[in-house]
Structures are given as structure tokens and as C-alpha cells.
Amino acid sequence: RDRMNRFDEIASHLENVDGSKKEIILSLLSDFVFYEEKIKELRKYPQYIINPNNPQQQKALPVHRILKDYQAQKNDIATKILRTLQCEAGEESALMKALGEFND
């Protein structure tokens, strides 16, 4: 899926949301999809170096830290989106499902 498809897929769950809330959520959603894309890319790279002679010796590569940071950013944005929608239970459950459908 490309970025716009993912954005549109999630945004389609916002049909009945109030205009001002919807604007806030759509701006957050753009960042959410950005972080999903970056995470997908970074997962292609090794995160650790493991000493073949002593597997107990492991070193986290910078990509590991970046991935954790991006994941935290993505989760934070999802939380902000869901808080913005707190009153609208129907949209919230559909949106939660859509936000959670992130796989490689």
C-alpha cells in the first residue's frame, strides 16, 4: 500500500466526525502514516551486531534506537487521535481497528 492509500483508508473512518475535530485528526494522521512508512523501511536493516564467537556480546545499532523512537512517536500520535475522538464511540472503535492494522 502506498502512503495515500493508507491515509485514505484510515481517514475513511472519520466520515461522521465534527469538522474541527476532523481537521486536527487529519493533520495528526498524516504524521502517523509518515512514521508507519519510516518504521517499515527501517525494519529492513539489522538492529544488532552479535559476536559470532560469543553470542552474549551484542551491540544495538543506531537503527534500533531510531525505530524505538519512531514507534513511540507513532503511538503518541495514535493516542492523541483517540483522545480527540473520545466522545464519538462508533468512530473511535473503527478508527482504533484501522490504526492497529499496521504490519510490515
- With sequence neighbours left out, write down each residue that passes side-chain contact (heavy atoms from CB on, under 4.5 Å) with Glu23, or none if nothing qualifies. none
- Task: Using a 4.5 Å cut-off on heavy atoms from C-beta on, say whether the side chain of Asn54 contacts that of Asn51.
- Result: yes
- Message: Distance check, rounded to the nearest 0.5 Å: Lys38 atom NZ versus Asp69 atom CG?
- Response: 13.5 Å
- Taking the side chain as every heavy atom from C-beta outward, state whether Gln57 and Ile50 have any pair of such atoms under 4.5 Å apart. no
- Are the side chains of Asp18 and Ser20 in touch, meaning some heavy atoms are under 4.5 Å apart? yes
- Message: Within this structure, what is the CD1-CG distance for the pair Ile49 and Leu61, rounded to the nearest 0.5 Å?
- Response: 4.5 Å
- Message: To the nearest 0.5 Å, what is the distance between CD1 on Ile25 and OG on Ser30?
- Response: 14.0 Å
- Message: Within the structure provided, determine whether Phe7 and Leu26 are in side-chain contact (heavy-atom separation under 4.5 Å).
- Response: yes
- salt bridge (Lys or Arg N to Asp or Glu O under 4.0 Å): which pairs involve residues 44-61, sequence neighbours left out? Glu41-Lys44
- Task: Please name all residues satisfying side-chain contact (heavy atoms from CB on, under 4.5 Å) with Lys74, sequence neighbours left out, ordered by chain then number.
- Result: Phe32, Tyr35, Glu36, Ile39, Gln71, Phe102
- N-O pairing of Glu9 and Arg6 below 4.0 Å: yes
- Message: Just verifying a value: how many Å separate Leu42 CG and Glu37 CD, rounded to the nearest 0.5 Å?
- Response: 11.5 Å
- Could you tell me whether Lys22 atom NZ has more than 12 heavy atoms of other residues or ligands within 6.0 Å of it? yes
- Message: I need the minimum non-hydrogen distance between Pro46 and Val63, along with the two atoms involved.
- Response: O-CG1, 3.0 Å
- Task: Side-chain contact test, heavy atoms from C-beta onward, threshold under 4.5 Å: evaluate it for Leu29 versus Ile77 and give yes or no.
- Result: no
- Value for CD1 (Ile24) from OG1 (Thr84), rounded to nearest 0.5 Å, stands at 6.0 Å
- Task: Output yes when Lys80 and Asp76 qualify as a salt bridge under the 4.0 Å nitrogen-oxygen rule, no when they do not.
- Result: yes
- Message: With rounding to the nearest 0.5 angstrom, report the CG to NZ distance, Leu85 to Lys21.
- Response: 6.5 Å
